[in-house]
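The structure appears below as structure tokens.
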Amino acid sequence: MSRYFTVKKLGDHWFFIDPDGNPFYSLGVDCVVCYIGQSKNRIIEKYGGDRDWFKKWASQKLKDLNDMGFNTLGAWHDKYYWSNNVPKTIELKMTKYSKKVNHVWGVGFPDVFDDSFESSVYTVMTEFFDRETGNPLKDNRSVIGYFTDNELHWWGRVGEWGKDDQGAGRNSTALVDDYIRLPHDASGKKAWVSFLRNKHKTIEELNRVWQSEYSSFEDLLWAKQYRAENSAFIADKTEFLEIIAEKYFSTTSSILNEYAPGQLNLGCRLVGVSAPDVVLKVMAKYVDVASLNFYSMKFPADYLDHVYELTQKPIMITEFSFCTGSDYGFVRNTNGAQNVIVKNQTRRAEAYEAFVTDAFNRPYMVGTHWFALYDYHSEGEGLRGNYGLYDRYDNPWQEFIAGVKRTNLMILDQMKNVKDSE
């Protein structure tokens, strides 16, 4: 037995192993938090309207999810749950305070060569694991593991991410273009030019390979796009992308191990099929589980077979969903919901069953986490869609939930036959 959750291959299938030595397959829900939009007052009233309304809400939701066959609190659950013994995953957002090389999805990719990157990681870890005052996460055996970040754009600001198959966007080096667009005095831009200098040694050699006519490497600091022969340029960018990935994963992994030694590194929640192969290969050296978010109508088996072949790491899908459209009042959907529109709640249940069952039958899969507890109705370009197990007023989508429960309990029943041989 281990002090914390681990991962282990039992026969041909990977599983989490809980601290008591039992095989564990993670069926989770993201965003188990009280809806903070305009309906919050109605929810408060529903749970008594007194000072204990939140505890009543939190207790009831935990019971409801358990009844549905969910066994994990996914990312972004309320901190109120940190002190209980329900298995949980935590997203740290390690690069929150780092300088960025792009600004997309309100997140942005960090300049991993700037001092603010490592500083951000340490600041975030101090916030989560305050060594002076203590923290319910410290030495918490119910934490399955930690996500270092969420949906970093490894494909760059102008790159494309796919839903099921990488296709034409496979192995994009567009993230390096974002580094190239940085000002001449930015750490990331200096690191790029330093890489070129170290690789090509002289400007004459770089000019020969690139078929260019630069006078010095200093010229490359100021330029935000280059004259360069395409294949040679892509080769250089791919090597630099590997260096970026090495810097990101080695730094976040080592600092996570300082604060949470022995606990699982669940990766950075990659988006769909967006991560170039070189990033996956570097990631495999540092994470315990590869985490990916998908908004696709079927389980992306071909791509995840490819990810496992490259990484040999167990895989968990940490966001997926299916959403209805205008027949249920969701005329305008945003983000992932746009890719997974189905006709009604029965179809949501059918899609859930197919996706989750297919995932469980893949030997490298260790869990699937549904997004999310509640529907979203943000204004403007915020999150909108029938993502929830419940609507905004805390009413369950009964037909959908019935199918979810049936699927989850089937998987949990199969797990009863899985034993750790050691």
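In terms of heavy-atom proximity, Glu229 sits nearest to Val209 at CB-O, 4.1 Å. Annotation for Val107 and Lys100: closest pair O-CE, 3.2 Å, computed over non-hydrogen atoms. Nearest heavy atom pair, residue Phe113 against residue Ala191, reads CG-CB, 3.5 Å.
Panel note: side chain Asn361, backbone Thr357; a donor-acceptor pair is recorded below 3.5 Å. A donor-acceptor pair is defined here as one N or O able to donate and one able to accept, closer than 3.5 Å; no such pair exists between the side chain of Gln211 and the backbone of Asn207. Although no hydrogens or angles enter the test, the distance criterion places a donor-acceptor pair under 3.5 Å between the side chain of His13 and the main chain of Phe360. In this structure, Asn71 contributes its side chain and Leu27 its backbone to a donor-acceptor pair below 3.5 Å. Using a distance-only test at 3.5 Å, with no hydrogens or angles considered, no donor-acceptor pair links the side chain of Asn66 to the main chain of Leu62. A donor-acceptor contact shorter than 3.5 Å is absent between the side chain of Asn335 and the backbone of Ala337. Side chain of Tyr25 to backbone of Met365: no donor-acceptor contact under 3.5 angstrom is found. Within the 3.5 Å criterion, the main-chain N or O of Gly74 finds no donor-acceptor partner in the side chain of Asp30. Looking at Arg269, its side chain does come within 3.5 Å of a backbone N or O of Thr318 through a donor-acceptor pair. Side chain of Asp149 to main chain of Cys268: no donor-acceptor pair is present (N/O by atom type, distance under 3.5 Å, no hydrogens or angles).
Classification of the Phe195-Phe240 ring pair by plane angle, with boundaries at 30° and 60°, yields tilted.
The closest side-chain donor-acceptor pair between Gln345 and Asn386 falls under 3.5 angstrom. Neither side chain, Tyr248 nor Trp154, offers a donor N or O lying under 3.5 Å from an acceptor on the other. Counted by atom type alone, Asn265 and Asp288 present zero donor-acceptor pairs between their side chains at under 3.5 Å.
Residues passing the salt bridge (charged side-chain N to carboxylate O under 4.0 Å, His left out) test with Asp52: none are found, sequence neighbours excluded.
Between Phe294 and Phe320, the ring centre distance reaches or exceeds 6.0 Å. Residues Tyr80 and Phe54 bring their aromatic ring centres within 6.0 Å. Aromatic ring centroids of Trp76 and Tyr374 lie 6.0 Å or more apart. Checked against the 6.0 Å centroid threshold, Trp370 and Tyr352 count as a close aromatic pair.
Under a 4.0 Å N-O distance rule, the pair Asp111/Lys189 does not qualify as a salt bridge. At a threshold of 4.0 Å, the pair Asp18-Arg141 does not count as salt-bridged, since none of the basic side-chain nitrogens sits closer than that to a carboxylate oxygen. One finds no salt bridge joining Lys281 and Asp277 here, because no Lys/Arg side-chain nitrogen approaches an Asp/Glu carboxylate oxygen to under 4.0 Å.
Cation-pi check for Lys61 over Tyr81 is not met; the charged atom does not lie both under 6.0 angstrom from the ring centroid and within 45 degrees of its normal.
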